2 protein chains.
Amino acid sequence: MNILVCDDDKEIVEAIKIYLENEGYKVFKAANGLEALKAVEENEMHLVIMDIMMPGLDGLRATVRIREDKNIPVIMLSAKSEDTDKIMGLNMGADDYITKPFNPLELIARVKSQLRRYTTLGSLETKGHIYKTGGLVIDDESKAVTVDGEEVNLTPVQYKILKLLTANAGRVYSIDEIYEKVWKETAFSAENTVAVHIRRIREKIEINPKEPKYLKVVWGIGYKVEKI
Amino acid sequence: MNILVCDDDKEIVEAIKIYLENEGYKVFKAANGLEALKAVEENEMHLVIMDIMMPGLDGLRATVRIREDKNIPVIMLSAKSEDTDKIMGLNMGADDYITKPFNPLELIARVKSQLRRYTTLGSLETKGHIYKTGGLVIDDESKAVTVDGEEVNLTPVQYKILKLLTANAGRVYSIDEIYEKVWKETAFSAENTVAVHIRRIREKIEINPKEPKYLKVVWGIGYKVEKI
DNA sequence: TATTATTCTTAAGAACTTCTTAAGCTTAAC
DNA sequence: GTTAAGCTTAAGAAGTTCTTAAGAATAATA
């Protein structure tokens, strides 16, 4: 498997290269967007890891260009300080992203996950999954959520939370875990944010929010979506 | 869980130690990079908190060395005055970092977050285990407990006790042992707390709490869940 | 810029859990 | 058969977690 690592910081590229080679991947390097495009042209690449901030052609633009004619998974790298939402918004072409400083294990896990998806689904297959439990259906491709056939309109944060829980129906997530997975930041205040979003989601997907059928609390632990 | 705290400033080490011990972690100390390497060699460490500026082998180099053969999460400590971006760039081996002076709550949150990440990513998507004995089934992923197919609703403490006993069905645990494992504190006995929880659990999982089928007392020793 | 939608914060109270106390019961040992 | 120690049980006080509403802050849209 060939992986292209693109970042203007040579140390980072080198470090990532070591981790990936350790897992048996062949690694190609690029220092900016143009080099990345060239590398993808010239070699059969199976995955690209791309920094966002780079001189010349930046990572977002390069990703769009790569995606124009190739179907290669792209994982974005971004500094934690950059505005997450903005990245997410612009980030349409990418399949996943990781914030710096990152955990090498996490990087490997995400790389494997992307390669798995692309090889098992076949590269023509759309990446949108459909998640279901009972009458609750989430179509990740169209971002449509339906309950017993009725379409429900969720806001972005609400959608991410519900998707996380539904994709892993049955598993209990603590509030901190939800916060970390959805916001991609370490949860650290004893804030009530997640709870409020849970409330709003219930309002929309549950017939009776007081006796939720899908989105249940597990006292003292967290929340889960019932596996039905 | 064992955590190594490495800093040449003894006061900081001591302060961090207190916070961490308060959360139930076992804390090891090191005053410089070499001591840290030695500590990691000699003991099974689950996480390292490492200052960057230290005499002798500094934190960055020590981290790289630790990472060469161990897969332990490392959280860097750095003074706010040091150039954040530079740290980030150099910081490839680390998983997270905290600037001094830091908020103890934040430190704890980040420690927990890293340990969580490593335990869920490290062991290949740890699916919660299922523990069974006779008709009693505990699904640790969904925290669901069923007796002969009937779902039973346990509180967090009740759940932890029952899980401990069921996961080790047949083994007898003294009240003090149960207390220590579940509360992560040294039992200071004379209290009746565990007994009361046992009562409540029986009420929920036993058909006739007076003649328990699963959760049995071993007179003068403790309690066990019958291995069936 | 004004308007609207979304997200976050706050705070009060409801729901639930945990701990303590104390009395009654059972077992083991003398 | 009496006693001491260990276990069971009930009830309520204290503490924690969850829910909910309302408004402030922020972002998106016109």
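Reckoned from all heavy atoms, side chains included, excluding hydrogens, waters and symmetry mates. Letters go in sequence order (proteins before strands), and every chain restarts at 1. Only a predicted model underlies this, so the values are computations on that prediction, with no experimental measurement involved.
- Close to dT6(C), at under 4.0 Å from its OP1 or OP2, lies no side-chain N or O of Arg200(A).
- Computed from coordinates, the Trp183(B) CH2 to dT16(D) P distance equals 15 Å when rounded to whole Å.
- Between Val196(A) and Lys204(B), the residue whose closest nucleotide on DNA chain C is further toward the 5' end is Val196(A).
- One finds no side-chain N or O of Tyr223(A) lying less than 4.0 angstrom from the OP1 or OP2 phosphate oxygen of dT17(D).
- In terms of phosphate contacts, Thr155(B) brings no side-chain nitrogen or oxygen within less than 4.0 Å of OP1 or OP2 of dC16(C).
- The CG-P distance, from Asn192(A) to dA11(C), rounds to 12 Å in whole Å.
- Between Lys210(A) and the phosphate of dT20(D), there is a side-chain N or O to OP1/OP2 separation shorter than 4.0 Å.
- Under 4.0 angstrom from either OP1 or OP2 of dT18(C) there lies no side-chain N or O belonging to Trp219(A).
- Remark: His197(B) is in phosphate contact with dC19(C), judged by side-chain N or O atoms under 4.0 Å from OP1 or OP2.
- A side-chain donor-acceptor contact under 3.5 Å links Ser174(A) to the backbone of Glu177(A).
- With distances taken from any side-chain atom of Ile175(B) to the nucleotides dT19(D), dT17(C), dC7(D), the minimum falls on dC7(D).
- In terms of phosphate contacts, Arg199(B) brings a side-chain nitrogen or oxygen within less than 4.0 Å of OP1 or OP2 of dA10(D).
- Proximity note for Thr193(B) (side chain, C-beta onward) versus dT8(D), dT19(D), dC19(C): the nearest is dC19(C).
- Between His197(A) and Trp183(A), the ring planes are tilted. Angles from 30° to 60° get that label.
- Between the side chains of Asp140(B) and Tyr159(B), at least one donor-acceptor pair of N or O atoms lies under 3.5 Å.
- Between Tyr179(B) and dT18(C) there is no side-chain N or O to OP1 or OP2 distance below 4.0 Å.
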